[in-house]
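To find a chain, count down the sequence lines: A is the first, B the second, and so on, and within it residues start at 1. Hydrogens, waters and symmetry mates play no part in the numbers below; they use all other heavy atoms, side chains included. Note that the coordinates shown come from a computational prediction; the quantities given were computed from them, not determined experimentally.
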Amino acid sequence: MSMTQTSSATAPGTKCWSCGKIADGHFCAACGKIQPLPRGTSYFAFFALPEKLQIDPEALEQQFHKLSWKLHPDNFMRADEFERNLSLERSSELNDAYRALRDPLTRVEYLLAHKGMRKEGAAKQQAPPELLEEVFELNESLDELREARAAGEDLAALRASLESAEQDFQEKLAGVDAELDQVRTEWDAAIEANATESDLSKVMARMNEILNRRSYIRNLVVSVAKELADA
Amino acid sequence: MAYSEKVIEHYNNPRNVGSLDKKDPNVGTGLVGAPECGDVMKLQMKVNPATRVIEEAKFKTFGCGSAIASSSLATEWVKGKTVEEALAIKNTDIVRELALPPVKIHCSVLAEDAIKAALSDWKTKQGEEVNAAETKSAAH
């Protein structure tokens with residue numbers, strides 16, 4: 001992937017609070033002082049990355065280590081309170097940012113949340129009725145297997161049904177993950193092509209819909225795995 | 001995070017678990033889900049068309065303890081109420097009764113949505129106009 005297209009943490013043209021020169025990134029290039037971050041700075045910008053979903057994990061980890069070292073409060077023990085606080089805040093944000101971007105799935109969730117597309121509880125996340133029906137039925141069949149076990153029915157047969165259910169759910173999960181991969185690629189291409197806000201929103205709406213479906217299927221996978229562990 | 005005593009009580013002794021005949025014209029069915037956590041909830045009510053009183057309510061929920069408790073409580077509350085009274089139940093009433101923590105508020109929203117979905121299904125079956133405001137998502 002290309003790491004050349006970068007967006008820096010501070011807005012271009014922001015003046016350094018200390019020397020008044022134009023500061024870019026976490027530190028002023030002229031005087032080296034740590035800089036405050038503008039509100040709403042994204043975790044991508046924090047790492048000077050474009051808002052793309054394919055990230056080289058090794059480059060990200062290296063950047064994380066480099067920044068942790070640079071922003072570490074130990075380096076600011078003799079600085080004034082303002083800088084000490086900045087270092088503390090920034091170190092904790094760095095950990096949040098790294099955690100959110102490190103995992104490809106939480107990365108998508110973070111992007112959507114940052115863009116206001118996935119607010120817990122606020123924007124109603126409703127799944128299509130057919131999906132709910134299907135998920136409900138799958139849960140019910142799992143329930144029947146559970147009851148059959150409680151009633152002491154043939155364990156071997158039960159195990160076989162659970163295993164086939166597990167395979168079915170795993171396949172569904174793999175299907176959803178493939179869709180997610182596809183839409184990730186589309187997103188990155190759209191960013192690369194400087195797509196319009198409305199085009200970007202369409203891609204995000206699809207990502208959101210896929211993530212919603214995924215959470216139901218993931219729950220099914222977890223439930224069936226639990227049943228199998230007990231069977 | 002610990003569950004409140006009331007949540008645990010409903011979770012251990014859920015009221016009105018089961019299902020009603022979906023094809024019965026007097027039965028309204030609401031199936032809703034919360035993608036944030038993957039919970040699914042089905043709530044059914046049998047309404048007397050003459051008195052508009054909810055005579056029976058059943059639920060089945062696949063989800064966490066708070067979602068089960070919220071739907072169990074919802075079935076308890078709607079029984080004996082009229083359709084209009086049941087529609088007035090707010091998710092915040094459930095939050096208060098069950099002492100749900102902020103991260104579990106969506107479970108109560110799910111229960112309110114399920115009541116509204118079931119009753120709008122009943123109204124549709126009865127050939128009544130469904131008020132758009134009723135199908136709108138619940139307040140938070």
Side-chain angles (χ1 to χ4, degrees), chain A residues 105-106 108-110 112-113 117-147 150 165 169 172-173 176 179-180 204-227, chain B residues 14 17-19 22 28-44 58-68 70-71 90-92 94-95 100-114 116-118 120-121 124 132-140:
Chain A
L105 195 64
T106 54
V108 180
E109 284 170 347
Y110 169 73
L112 294 178
M117 292 289 289
R118 199 176 172 79
K119 286 191 202 119
E120 172 90 18
K124 193 75 196 160
Q125 310 273 348
Q126 203 49 276
E130 316 82 66
L131 174 69
L132 283 179
E133 294 273 359
E134 191 190 356
V135 171
F136 195 83
E137 274 166 27
L138 291 171
N139 271 304
E140 274 196 320
S141 55
L142 207 53
D143 230 20
E144 278 161 24
L145 291 175
R146 214 172 280 144
E147 277 159 22
F169 299 161
K172 283 194 163 59
L173 190 62
V176 176
E179 279 183 66
L180 197 57
M204 284 194 284
R206 289 235 315 283
M207 282 197 254
N208 199 33
E209 183 271 320
I210 295 170
L211 281 189
N212 287 347
R213 246 185 306 143
R214 193 183 189 281
S215 61
Y216 291 110
I217 295 164
R218 183 214 48 217
N219 274 15
L220 285 168
V221 170
V222 172
S223 319
V224 78
K226 220 174 104 214
E227 286 306 310
Chain B
V17 176
S19 57
K22 217 177 143 179
T29 302
L31 180 58
V32 293
E36 296 95 334
C37 53
D39 289 357
V40 276
M41 182 183 287
K42 186 167 89 176
L43 207 130
Q44 292 183 301
K58 295 273 184 205
F59 85 94
K60 196 150 191 192
T61 294
F62 297 103
C64 66
S66 301
I68 291 169
S70 295
S71 36
K90 289 271 160 280
N91 79 293
T92 43
I94 298 170
V95 170
L100 295 179
V103 294
K104 292 294 181 183
I105 287 177
H106 66 268
C107 299
S108 69
V109 174
L110 208 54
E112 183 187 330
D113 284 351
K116 292 194 160 52
S120 77
D121 179 48
T124 310
E134 285 169 18
T135 52
K136 224 181 60 192
S137 53
H140 301 263

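A:F136 approaches B:K60 most closely through the heavy-atom pair CE1-O, 3.5 Å. The two residues A:N139 and B:V40 have their closest heavy-atom pair at ND2-CG2, 3.6 Å.
For B:F59, there are no ring-ring contact (aromatic ring centres under 6.0 Å, His included) partners, not counting sequence neighbours. Evaluation of the side chain to side chain contact (heavy atoms under 4.5 Å, CB included) rule for B:D121 yields B:T29, B:K125 as partners, not counting sequence neighbours.
Only the side chain of A:R218 comes within contact range of chain B, with heavy atoms under 4.5 Å apart. Neither the backbone nor the side chain of A:E109 has a heavy atom closer than 4.5 Å to any heavy atom of chain B.
Atoms CG and CZ, on A:D143 and B:F62 in that order, are 4.5 Å from each other to the nearest 0.5 Å.
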